[in-house]
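Below: the structure, in structure tokens.
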Amino acid sequence: MAGFEHYAWLMKSEPSEVSVDDVLQMDGCKVGWFGVRNYQARNFMRDLCKIGDPVLFYHSSCAQPGIVGIGEIASEPYPDPTQFEETSEYFDAKSTQEKPRWVQVDVLVLHKVRLVSIAELRTIPGCEGMRVLQKGNRLSITPVNEDEWKALQPYLIPQT
């Protein structure tokens, strides 16, 4: 993944599983980004996510998908414990404690923002190349370059 350009990350979560409001109620406003079972998204977390990287918290698979919060990467990658839990939908029988296949990072939510819907995102000049807008993209973690991050800033209005 050498030479891969990113400034920030867009990280998708289904609000029925973990919403931005849920994380804001958690101890330290931090959550382990569990359940990623796509190798490319895993590799982004494992190889490229660094503590302090900005994060766009994105709600997916819901009535109003879009950016709902701002956060940052708050840990180095570490084994996702759900891969070892036989009762978890994220269980992976081929993963072992000695050789885990899946990782997660902690994400700290700094604040909630006004919803920037997927439809609105499509209209923001400078954001047209974002991976989340590309046809067929289903990755739960995608890179955001610095120009895209800057183009989004006027739209990321903090909410209480």
Side-chain angles (χ1 to χ4, degrees), residues 1-62 64-80 82 90 102-160:
M1 298 198 130
F4 187 85
E5 181 193 348
H6 78 282
Y7 174 81
W9 301 99
L10 184 140
M11 300 178 79
K12 295 180 183 177
S13 178
E14 296 179 14
S16 61
E17 187 150 10
V18 178
S19 74
V20 69
D21 291 323
D22 293 338
V23 181
L24 288 169
Q25 298 301 312
M26 291 178 180
D27 187 35
C29 300
K30 202 170 10 177
V31 65
W33 211 262
F34 65 92
V36 173
R37 295 298 182 268
N38 172 283
Y39 287 106
Q40 186 174 15
R42 184 229 28 213
N43 293 350
F44 286 153
M45 280 196 296
R46 184 191 68 197
D47 302 336
L48 297 174
C49 284
K50 301 294 179 224
I51 294 173
D53 282 354
V55 170
L56 298 169
F57 196 113
Y58 184 98
H59 282 172
S60 66
S61 300
C62 59
Q64 286 280 338
I67 299 166
V68 295
I70 301 296
E72 65 184 33
I73 302 296
S75 76
E76 296 292 331
Y78 59 94
D80 177 347
T82 63
Y90 301 112
W102 306 107
V103 299
Q104 65 182 36
V105 294
D106 291 343
V107 173
L108 169 67
V109 173
L110 300 171
H111 59 268
K112 191 173 173 175
V113 297
R114 172 191 69 82
L115 172 71
V116 179
S117 71
I118 191 80
E120 182 178 8
L121 197 52
R122 291 183 192 287
T123 70
I124 299 174
C127 291
E128 47 282 320
M130 289 182 72
R131 282 207 187 175
V132 72
L133 299 177
Q134 304 308 307
K135 186 175 180 142
N137 178 70
R138 305 229 352 113
L139 288 178
S140 58
I141 300 169
T142 55
V144 176
N145 69 39
E146 190 170 5
D147 290 338
E148 293 162 343
W149 179 263
K150 287 177 180 176
L152 282 168
Q153 293 313 297
Y155 301 86
L156 301 174
I157 300 165
Q159 300 291 294
T160 54

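Quantities reported herein were computed from a predicted structural model and do not represent experimental measurements.
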With K112 via salt bridge (charged side-chain N to carboxylate O under 4.0 Å, His left out) - residues at least two apart: D21
By salt bridge (charged side-chain N to carboxylate O under 4.0 Å, His left out) - contacts of K150 (at least two apart):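 Applying salt bridge (charged side-chain N to carboxylate O under 4.0 Å, His left out) to K150 gives E146.
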Side chains of R138 and S60, donor plus acceptor under 3.5 Å: no
D147-Y7 side chain donor-acceptor pair, cut-off 3.5 Å: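 Short answer, no.
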Heavy-atom donor-acceptor pair, [X] side chain to [Y] backbone, under 3.5 Å:
X	Y	value
R42	R37	no
E148	N145	yes
H59	L115	no
R131	N137	no
N43	Q40	no
D80	G35	yes
S13	V18	yes

As an exercise, state the distance from [atom1] of [X] to [atom2] of [Y], rounded to the nearest 0.5 Å.
X	Y	atom1	atom2	answer
M130	W149	CE	CH2	9.5 Å
M45	M11	CE	CE	6.0 Å
H6	C49	NE2	SG	6.5 Å
L133	C127	CG	SG	7.5 Å
Q64	I118	CD	CD1	11.0 Å
L152	I124	CG	CD1	5.0 Å

Pair V113-L56, side chain to side chain contact (heavy atoms under 4.5 Å, CB included): steps then yes or no: CA-CA 10 Å; V113 297; L56 298 169; over 6 Å; no
Side-chain heavy-atom pair I141, W33 within 4.5 angstrom cut-off: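 A side-chain contact exists here, since the closest heavy-atom pair is under 4.5 Å.
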Side chain to side chain, Q25 and D22, heavy atoms closer than 4.5 Å: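 No, side chains not in contact.
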Please report the closest heavy-atom contact between [X] and [Y], naming both atoms and the distance.
X	Y	answer
P125	E128	CA-OE1, 3.9 Å
V109	V23	CG2-CG1, 3.4 Å
Y78	S75	CE2-OG, 3.6 Å
M26	K30	SD-O, 3.5 Å
R114	Q159	N-CG, 3.1 Å
G69	V20	CA-CG2, 4.2 Å

With W102, the ring pair (Phe, Tyr, Trp, His ring centres under 6.0 Å) member among Y90, F34, Y39: Y39
Working for side chain to side chain contact (heavy atoms under 4.5 Å, CB included), residues L139 and F44: CA-CA 10 Å; L139 288 178; F44 286 153; 4.1 Å; yes
Side chain to side chain contact (heavy atoms under 4.5 Å, CB included) between L48 and W9, worked out: CA-CA 10 Å; L48 297 174; W9 301 99; 3.7 Å; yes
Full working for side chain to side chain contact (heavy atoms under 4.5 Å, CB included) between Q104 and T82: CA-CA 10 Å; Q104 65 182 36; T82 63; 5.7 Å; no
